[in-house]
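Numbering of residues begins at 1 and proceeds along the displayed sequence.
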Amino acid sequence: MNFVKRIMQDDLIRKIAQLMTEQSAAYTSLDSLMNQLTTALTVCEPNNIESLSRAGETELMRMRSRLLDITSALTNFSESRAHQTELLPIAADVREQFETAANQLIKSAKDFETKTGRATSLALGGLSFATAGIQMCGVPPTTYRAPVLKYTKGGIR
């Protein structure tokens, strides 16, 4: 019986490690999208901006879903451990796989956080430039329709 429980426990930890590996890859994908979006914003390509923004939103939604799966699996693991009268050890290779995936996820998240700071600065600089251009050229702000905000909820329409 303990053998079966241990295998189930190890499988759950493997599943969590796999989800964390996928989440790390998603950060890489999001980073690529952000770099492409930065280029599209810099050269003012409205169609690419819109397309890349939607792709980023889709990736973020998948990441949120995966994060929920990770949290749920970790909760299941902790609940199963809480009910064990005799704690079953986790296999060494499974523990190593989990630790590697967790460390990679933390590194990917920190790297992405740094890069989003740069993207935020670019976006704020672009907003300031657009506002100054609108004011200097005499275009009333109410007639300006930014392509990025066209599809957002609660955004300028």
Side-chain angles (χ1 to χ4, degrees), residues 1-127 145-157:
M1 187 67 167
N2 279 346
F3 180 72
V4 173
K5 286 183 180 180
R6 182 174 176 187
I7 289 176
M8 290 174 55
Q9 175 179 282
D10 287 353
D11 286 345
L12 188 56
I13 295 296
R14 278 189 189 97
K15 175 185 174 188
I16 295 167
Q18 177 61 35
L19 289 168
M20 289 191 296
T21 301
E22 291 172 11
Q23 195 77 334
S24 294
Y27 274 116
T28 302
S29 172
L30 204 54
D31 181 44
S32 174
L33 285 168
M34 190 172 62
N35 288 334
Q36 293 174 50
L37 181 59
T38 300
T39 301
L41 285 167
T42 304
V43 297
C44 192
E45 296 174 337
N47 291 335
N48 283 347
I49 293 169
E50 193 173 322
S51 170
L52 291 166
S53 295
R54 273 193 256 123
E57 289 171 0
T58 300
E59 189 65 44
L60 283 170
M61 190 63 75
R62 285 186 197 123
M63 290 177 76
R64 287 183 190 116
S65 174
R66 197 175 299 110
L67 187 58
L68 182 61
D69 290 343
I70 292 169
T71 305
S72 177
L74 284 169
T75 301
N76 290 341
F77 174 76
S78 69
E79 287 175 356
S80 73
R81 291 287 276 196
H83 294 344
Q84 292 177 5
T85 54
E86 179 184 324
L87 290 181
L88 300 173
I90 299 170
D93 64 318
V94 175
R95 181 180 297 275
E96 184 179 331
Q97 181 183 5
F98 179 85
E99 288 176 1
T100 301
N103 289 334
Q104 181 58 44
L105 180 57
I106 290 169
K107 182 184 179 313
S108 295
K110 285 182 180 179
D111 290 348
F112 185 74
E113 183 179 25
T114 301
K115 292 172 185 174
T116 58
R118 283 186 241 138
T120 301
S121 296
L122 176 65
L124 291 173
L127 177 64
R145 300 287 187 254
V148 174
L149 301 176
K150 190 162 88 175
Y151 292 103
T152 60
K153 290 183 179 178
I156 300 170
R157 297 199 186 266

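A donor atom on one side chain and an acceptor atom on the other are not found under 3.5 Å apart for Glu57 and Ser53. Judged by distance alone, the side chains of Ser80 and Gln84 never bring a donor and an acceptor atom under 3.5 Å apart.
Looking only at distances, a side-chain donor or acceptor of Gln9 sits under 3.5 Å from a matching main-chain atom of Leu88. Distance alone, capped at 3.5 Å, places no donor-acceptor pair between the Ser72 side chain and the Leu68 backbone. Of the possible polar contacts, none joining the Ser65 side chain to the Met61 backbone as a donor-acceptor pair under 3.5 Å is found.
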### Query
Which is it for Leu33 and Arg54 under the side chain to side chain contact (heavy atoms under 4.5 Å, CB included) test, yes or no, and what are the steps along the way?
CA-CA 10 Å; Leu33 285 168; Arg54 273 193 256 123; over 6 Å; no
### Query
Checking side chain to side chain contact (heavy atoms under 4.5 Å, CB included) for the pair Leu19/Gln23: CA distance, chi angles, key distance, verdict?
CA-CA 6 Å; Leu19 289 168; Gln23 195 77 334; over 6 Å; no
### Message
Please evaluate residues Thr100 and Glu96 with respect to the criterion side-chain hydrogen bond (donor to acceptor under 3.5 Å, both in side chains), reporting the C-alpha separation (whole Å), side-chain torsions for both, the decisive distance (0.1 Å), and the verdict.
### Response
CA-CA 6 Å; Thr100 301; Glu96 184 179 331; 5.1 Å; no
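Taking CD1 from Ile13 and CG from Asp93, the interatomic distance works out to 12.0 Å, rounded to the nearest 0.5 Å. Once rounded to the nearest 0.5 Å, the distance linking CE of Met63 with OG of Ser24 reads 8.5 Å. Between atom CG of residue Asp31 and atom OG1 of residue Thr114 there is a gap of 10.5 Å, rounded to the nearest 0.5 Å. To the nearest 0.5 Å, atoms CG (Leu12) and CG (Leu74) are separated by 8.0 Å. Atom CD1 of residue Ile49 and atom OG1 of residue Thr39 lie 10.5 Å apart, to the nearest 0.5 angstrom. A distance of 9.0 Å separates CD in Glu113 from OH in Tyr27, rounded to the nearest 0.5 Å.
The salt bridge (charged side-chain N to carboxylate O under 4.0 Å, His left out) search around Arg66 returns Glu22, not counting sequence neighbours. With sequence neighbours left out, the salt bridge (charged side-chain N to carboxylate O under 4.0 Å, His left out) criterion links Glu59 to Arg62. Qualifying salt bridge (charged side-chain N to carboxylate O under 4.0 Å, His left out) partners for Arg95, counting only residues two or more places apart in sequence or in other chains: none.
Annotation: side chain of Met20 is not in contact with side chain of Asn103 (no heavy-atom distance under 4.5 Å). Proximity of Ser32 to Gln36: side-chain heavy atoms (C-beta onward) are separated by under 4.5 Å at one or more points. Side-chain contact between Asp11 and Lys15 is absent, with no heavy atoms from C-beta onward closer than 4.5 Å. Between Arg81 and Leu87 the shortest side-chain heavy-atom distance falls below 4.5 Å.
Taking all atoms of both residues into account, the shortest heavy-atom contact from Pro89 to Asp10 is O-OD1, 4.4 Å. Of all heavy-atom pairs spanning Leu30 and Gly56, the tightest one is CD1-O, 3.9 Å.
The pair Asp111-Lys107 meets the salt-bridge criterion, with a side-chain N (NZ, NE, NH1 or NH2) lying under 4.0 Å from an Asp/Glu carboxylate O.
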